[in-house]
Amino acid sequence: MPMPPSLLRTRPLLVLVPLLLAAAPAPHAPAQPRLEDTVPDTFTGVERVVAVGDVHGDVDALKEVLRLAGLIDAKDRWIGGKTHLVQTGDVPDRGDQTRAAFDLLMRLEQEALAAGGRVHALLGNHEAMNMLGDLRYVNPGEMASFADQSPEQDSADSPPGLNGHRVAYSLQGRYGQWLRKHAAVVRINDTLFVHGGVAPGVPGGNLAELNRWVRQDFFPGHPPGGARDAQGPLWFRGYALGEPQDAEPALDAVLKRYGARRMVMGHTTNRDGKVKVRFNGKALLIDTGLSTGYGRNLAALELRGGKVNALYREGPVTLGSVEPPAAPARPTGPKPRKK
């Protein structure tokens, strides 16, 4: 039976399309992070900064505190304009909603950037533990939520979601790739933000070198770095718990080294649920126990217009003694004669 003319006309196209598809270049996969990648660490001229402490798997508490700070609307969309939000690490562990919290921050990161603002999701010790396979604080529901990240079924004697969790935090995984592109320490205007604290003995004469030292633990083929080090920025508690006669001089040296006036830290929970001020405002401790497991104490720190405020449900509180003491005034009279 002869072929219809209409089909004869389309047959060359039917042959040509597969040939064109075969010749077309394959779509590029997202570039994997590398240790050598530049991680932004210094920002100036920022009018408003809001910092939020440890989340620990409680996305609902995170959303509530972001609304409290005027950064997201009722539909969880960014309305913070040019504000910089700093989340000081420890998004995962101890709660079921870690993935949702990561997804929220990942989306807000893009929305804030489009609005002229920024979201800085810093590395905490719990992000490091999950990337490095230390799962001792992973909640069972949290683990199970990652099951769809791997096609490999979990063995009968392993917790549900173990394979997906491992893939998710790997160098190629959705959350592992994202985390490996982030800093441990940033400076915004005159303030350092970090999860635990920057000890005086850390290597690196600038933030780029310090962040590289931390990140090198997350990439194969490099010597041990700061993500595992007990004195590294993800773990250090010296400014939160140290005696003033030792901790304050150490803090002064670090602030001078990195050209900052104060340091904002999470990691060490303030049991009263309030932002804690130490050393005349040079150390600000913002882990107030945000997650339900720690009391759901909603609080954020705001730096705006030369003022430092703690934001609570009941309203903002301007923190006292937040500026370093002024240098003593020089005498204005004539200099005494030397004897």
Side-chain angles (χ1 to χ4, degrees), residues 35-46 49 51 53 84 86-90 118 120-125 127-128 182-218 222-268 275-287 301 303 306 308 319 321-328:
L35 177 60
E36 293 76 17
D37 290 338
T38 300
V39 178
D41 56 43
T42 303
F43 305 85
T44 58
V46 180
V49 184
H84 281 221
V86 184
Q87 197 289 312
T88 55
D90 276 13
R118 283 269 189 169
H120 308 272
L122 302 184
L123 298 173
N125 61 305
E127 280 83 1
H182 285 198
V185 189
V186 297
R187 188 180 77 226
I188 304 176
N189 299 334
D190 57 2
T191 303
L192 288 178
F193 296 86
V194 60
H195 180 64
V198 181
V202 297
N206 55 50
L207 291 181
E209 293 173 353
L210 177 57
N211 280 309
R212 179 188 168 90
W213 178 61
V214 174
R215 293 173 64 244
Q216 71 189 45
D217 277 335
F218 307 133
H222 296 278
R228 301 178 190 266
D229 195 306
Q231 296 295 302
L234 310 187
W235 298 91
F236 183 67
R237 299 184 194 268
Y239 307 131
L241 303 178
E243 294 296 330
Q245 65 270 21
D246 300 319
E248 187 169 10
L251 177 60
D252 288 340
V254 169
L255 293 176
K256 182 178 179 181
R257 177 177 175 182
Y258 295 106
R261 175 174 288 183
R262 64 179 70 86
M263 189 181 297
V264 175
M265 296 154 275
H267 188 45
T268 303
V275 173
K276 186 175 182 179
V277 179
R278 296 197 79 190
F279 314 128
N280 199 37
K282 291 179 287 189
L284 296 164
L285 309 171
I286 65 167
D287 180 7
L301 185 76
L303 293 88
V308 180
L319 301 178
S321 300
V322 294
E323 298 293 341

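Side chains are part of it too, since the values below use all heavy atoms of this structure and drop only hydrogens, waters and symmetry mates. As the structure is a prediction and not an experimental result, all values here were calculated from the model. Throughout, numbering of the chain's residues begins at 1 and tracks the sequence.
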Contact summary for [X] and [Y], nearest pair of heavy atoms:
X: Y239; Y: V198; result: OH-O, 2.7 Å
X: L207; Y: Y258; result: CD2-CD2, 3.7 Å
X: H182; Y: R215; result: O-CD, 3.7 Å
X: V46; Y: N189; result: O-ND2, 2.7 Å
X: G197; Y: M263; result: CA-SD, 4.1 Å
X: L210; Y: P233; result: CD1-CG, 4.0 Å

Does some side-chain heavy atom of [Y] sit less than 4.5 Å from a side-chain heavy atom of [X]?
X: I286; Y: V264; value: yes
X: L319; Y: V275; value: yes
X: V185; Y: L122; value: no
X: V194; Y: F236; value: no

Looking at the rings of F43 and H84, which for Trp means the six-membered one, are their centres under 6.0 Å apart? yes
So H120 and I188, side chain to side chain contact (heavy atoms under 4.5 Å, CB included) or not? Walk me through it. CA-CA 10 Å; H120 308 272; I188 304 176; 3.7 Å; yes
To the nearest 0.5 angstrom, please state how far the [atom1] atom of [X] sits from the [atom2] atom of [Y].
X: R212; Y: H222; atom1: CZ; atom2: NE2; result: 6.0 Å
X: L234; Y: E127; atom1: CG; atom2: CD; result: 8.5 Å
X: L192; Y: M265; atom1: CG; atom2: CE; result: 9.0 Å
X: D37; Y: N211; atom1: CG; atom2: CG; result: 12.5 Å
X: Q216; Y: R228; atom1: CD; atom2: CZ; result: 10.5 Å
X: D246; Y: L251; atom1: CG; atom2: CG; result: 12.5 Å

So, does D287 use its side chain to make a donor-acceptor pair with the main chain of G53 at under 3.5 Å? no
Side chain to side chain contact (heavy atoms under 4.5 Å, CB included) between L285 and T268, intermediate numbers included: CA-CA 8 Å; L285 309 171; T268 303; 5.9 Å; no
Would you call the rings of H195 and H267 parallel, tilted or perpendicular, where under 30° means parallel and over 60° means perpendicular?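 Tilted, since the angle between the ring planes falls between 30° and 60°.
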One thing to verify: whether R262 and D190 come together as a salt bridge, which I'm taking to mean a side-chain N less than 4.0 angstrom from a carboxylate O. yes
